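The sequence lines fix the lettering, A, B, ..., with proteins before strands; numbering per chain opens at 1. As the structure is a computational prediction, the values presented were derived from the model and not from experiment.
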Amino acid sequence: AQSVTQPDIHITVSEGASLELRCNYSYGATPYLFWYVQSPGQGLQLLLKYFSGDTLVQGIKGFEAEFKRSQSSFNLRKPSVHWSDAAEYFCAVGPPNFGNEKLTFGTGTRLTIIP
Amino acid sequence: GAGVSQSPSNKVTEKGKDVELRCDPISGHTALYWYRQRLGQGLEFLIYFQGNSAPDKSGLPSDRFSAERTGESVSTLTIQRTQQEDSAVYLCASGLVIPYEQYFGPGTRLTVT
């Protein structure tokens, strides 16, 4: 069965510092990969997605993620965080075909930004 | 344009009562998904609609849970005889088959006392 692991439950980063959030997956084939952000009291917003091709994908709000097949990882990065980036981040995987985008989510990483 | 909306935003109910949660998807989105988010956990898939048919109900946790959708519009998730373990945030998402993006509503927080 497919699964997603986000090993860091909570990360604290200083404003302006770089950020990397880890995501590892277990799947029969290379799945489609996603990162979502959830701000307090709001629904999830898609940051970026990977289907195929270039393994470094750019997303919104200055985020990027790199797919590494050999490590079954899809880590999220940002060179310089802003206080507004404080939120919960979820990695998700989905079947590599269109027709039923049933996503499997990790348990999330809560990001705290300190001044 | 308007995003996905869900109502109510909060619902407190007594154990054993039935509840209905509503989702209004983005107009034109053919796909609709329900997820459950328990405290401190990731999202758990419940059910997927394509139009008004549900090709994947595999995530519904028990026969107390049911969902329906009217055409390519509103969907209702019904939980009968609620239990305390049903307490969670229920999230709805809508999208198009291509380009495989889901747009989430703000969720309904259900508390069963």
Using non-hydrogen atoms only, which part of [X] is less than 4.5 Å away from chain A: side chain, backbone, both, or neither?
{"X": "B/Ser9", "value": "neither"}
{"X": "B/Gln37", "value": "side chain"}
{"X": "B/Gln41", "value": "backbone"}

Part of A/Gln6 within contact of chain B (heavy atom distance under 4.5 Å):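 Neither part; nothing is under 4.5 Å.
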
Which portion of A/Leu46 sits near chain B, non-hydrogen atoms under 4.5 angstrom: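 For A/Leu46, side-chain heavy atoms alone lie under 4.5 Å from chain B.
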
OG1/A/Thr107 to CZ/B/Arg38 distance, rounded to the nearest 0.5 angstrom?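 Answer rounded to 0.5 Å: 14.5 Å.
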
With a cut-off of 6.0 Å (strictly less than), are more than 12 heavy atoms of other residues, nucleotides or ligands near [atom1] of [X]?
{"X": "A/Gln58", "atom1": "CD", "answer": "yes"}
{"X": "A/Ile9", "atom1": "CD1", "answer": "no"}
{"X": "B/Leu39", "atom1": "CG", "answer": "no"}

Do [X] and [Y] have side chains that approach each other closer than 4.5 Å (heavy atoms only, starting at C-beta)?
{"X": "A/Lys102", "Y": "B/Tyr48", "value": "no"}
{"X": "B/Glu101", "Y": "A/Phe34", "value": "no"}
{"X": "B/Leu43", "Y": "A/Phe90", "value": "yes"}

Using the ring centroid of each side chain, check whether B/Tyr35 and A/Phe105 are separated by less than 6.0 Å.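 Under 6.0 Å, so yes.
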
